[in-house]
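If you read the sequence from its start, that first residue is 1, and numbering goes on from there.
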Amino acid sequence: MKVEMFYSPGCAGCEDRQAELRAAAQDAVKDLEWRNVNVLDNMDTAVELGVITLPSVVIDGEVVFTSLPTRVQLCKELVERSGARK
């Protein structure tokens, strides 16, 4: 499973929560690939995926969250998508 967090540099909220959300996601699902994506360096990818607000979280190529999810919201989504039980 691949998770991409699209953010804009200078977004204090994004920077503060990236590590927390990454750790929670990796605890929830095994073999998870996490990628922080600076939208200014990856505008084409953001447009291609339909990212129109920041921060956004894309899971396996689908925009799932158009704002920062809570740890619980993110983990619930990942576990449901993986079919894993925790």
Side-chain angles (χ1 to χ4, degrees):
M1 182 176 294
K2 182 177 180 181
V3 177
E4 298 169 291
M5 182 174 166
F6 285 81
Y7 71 98
S8 175
C11 173
C14 299
E15 293 174 9
D16 290 346
R17 305 253 338 266
Q18 285 176 352
E20 172 194 352
L21 292 174
R22 176 194 295 231
Q26 291 174 331
D27 283 346
V29 177
K30 292 182 180 177
D31 300 324
L32 181 117
E33 178 184 342
W34 181 282
R35 182 173 168 231
N36 292 327
V37 182
N38 177 339
V39 75
L40 299 179
D41 294 338
N42 296 280
M43 189 64 76
D44 290 343
T45 302
V47 170
E48 192 174 292
L49 292 171
V51 172
I52 56 174
T53 61
L54 296 173
S56 286
V57 176
V58 174
I59 302 173
D60 290 336
E62 178 185 349
V63 178
V64 178
F65 296 103
T66 56
S67 62
L68 281 179
T70 65
R71 290 174 53 124
V72 171
Q73 289 170 324
L74 178 60
C75 290
K76 180 180 178 199
E77 184 67 32
L78 293 173
V79 169
E80 287 177 1
R81 286 174 176 262
S82 72
R85 302 279 183 243
K86 192 99 179 158

For the pair Glu4 and Leu49, evaluate side chain to side chain contact (heavy atoms under 4.5 Å, CB included) and give the outcome as yes or no after the intermediate values. CA-CA 11 Å; Glu4 298 169 291; Leu49 292 171; 3.9 Å; yes
Please tell me whether Met1 and Leu21 are part of a single hydrophobic cluster in this structure, the criterion being side-chain heavy atoms less than 4.5 Å apart. yes
Is it possible for you to say whether Ile59 and Leu32 belong to one hydrophobic cluster, with membership spreading through side-chain heavy-atom contacts below 4.5 Å? yes
Do Val39 and Val58 share a hydrophobic cluster (ILVMFWY, side-chain heavy atoms under 4.5 Å, transitive)? yes
Verify same cluster id: Ile52, Val63 (apolar side-chain graph, 4.5 Å): no
When rounded to the nearest 0.5 Å, the distance separating OH of Tyr7 from CG of Leu40 is 8.5 Å
Which heavy atom in Glu77 sits nearest to a heavy atom in Phe65, and how many Å separate them? CB-CZ, 4.0 Å
Verify same cluster id: Val37, Met43 (apolar side-chain graph, 4.5 Å): yes
Check against side chain to side chain contact (heavy atoms under 4.5 Å, CB included), Arg81 and Val64: CA-CA 11 Å; Arg81 286 174 176 262; Val64 178; 3.3 Å; yes
So which heavy atom on Ala28 is nearest to which on Cys75, and how close? CB-SG, 3.9 Å
Under the side chain to side chain donor-acceptor pair (under 3.5 Å) rule, collect the residues that match up with Asn42, sequence neighbours excluded. none
Thr70 side chain to Gln73 main-chain N or O, any donor-acceptor pair under 3.5 Å? yes
Near Asp41 CG, under 6.0 Å, is it more than 12 heavy atoms from other residues, nucleotides or ligands? yes
Enter the distance from Asp60:CG to Leu78:CG here, rounded to the nearest 0.5 Å. 9.0 Å
Anything under 3.5 Å between a donor and an acceptor, one on a side chain of residues 12-20, the other on a protein residue two or more places apart or in another chain? List them.
| unit_1 | atom_1 | unit_2 | atom_2 | d |
| --- | --- | --- | --- | --- |
| Glu15 | OE2 | Gly10 | N | 3.4 |
| Arg17 | NE | Glu20 | OE1 | 3.3 |
| Arg17 | NH2 | Pro69 | O | 2.9 |
| Gln18 | OE1 | Asn36 | ND2 | 3.4 |

Any side-chain to backbone donor/acceptor pair from Thr66 onto Thr53? Under 3.5 Å, distance only. no
Looking only at non-hydrogen atoms, find the nearest pair between Val57 and Leu74 and report the distance. CG1-CD1, 4.4 Å
I'd like to check the side chain to side chain contact (heavy atoms under 4.5 Å, CB included) partners of Glu33; sequence neighbours left out, ordered by chain and number. Lys2
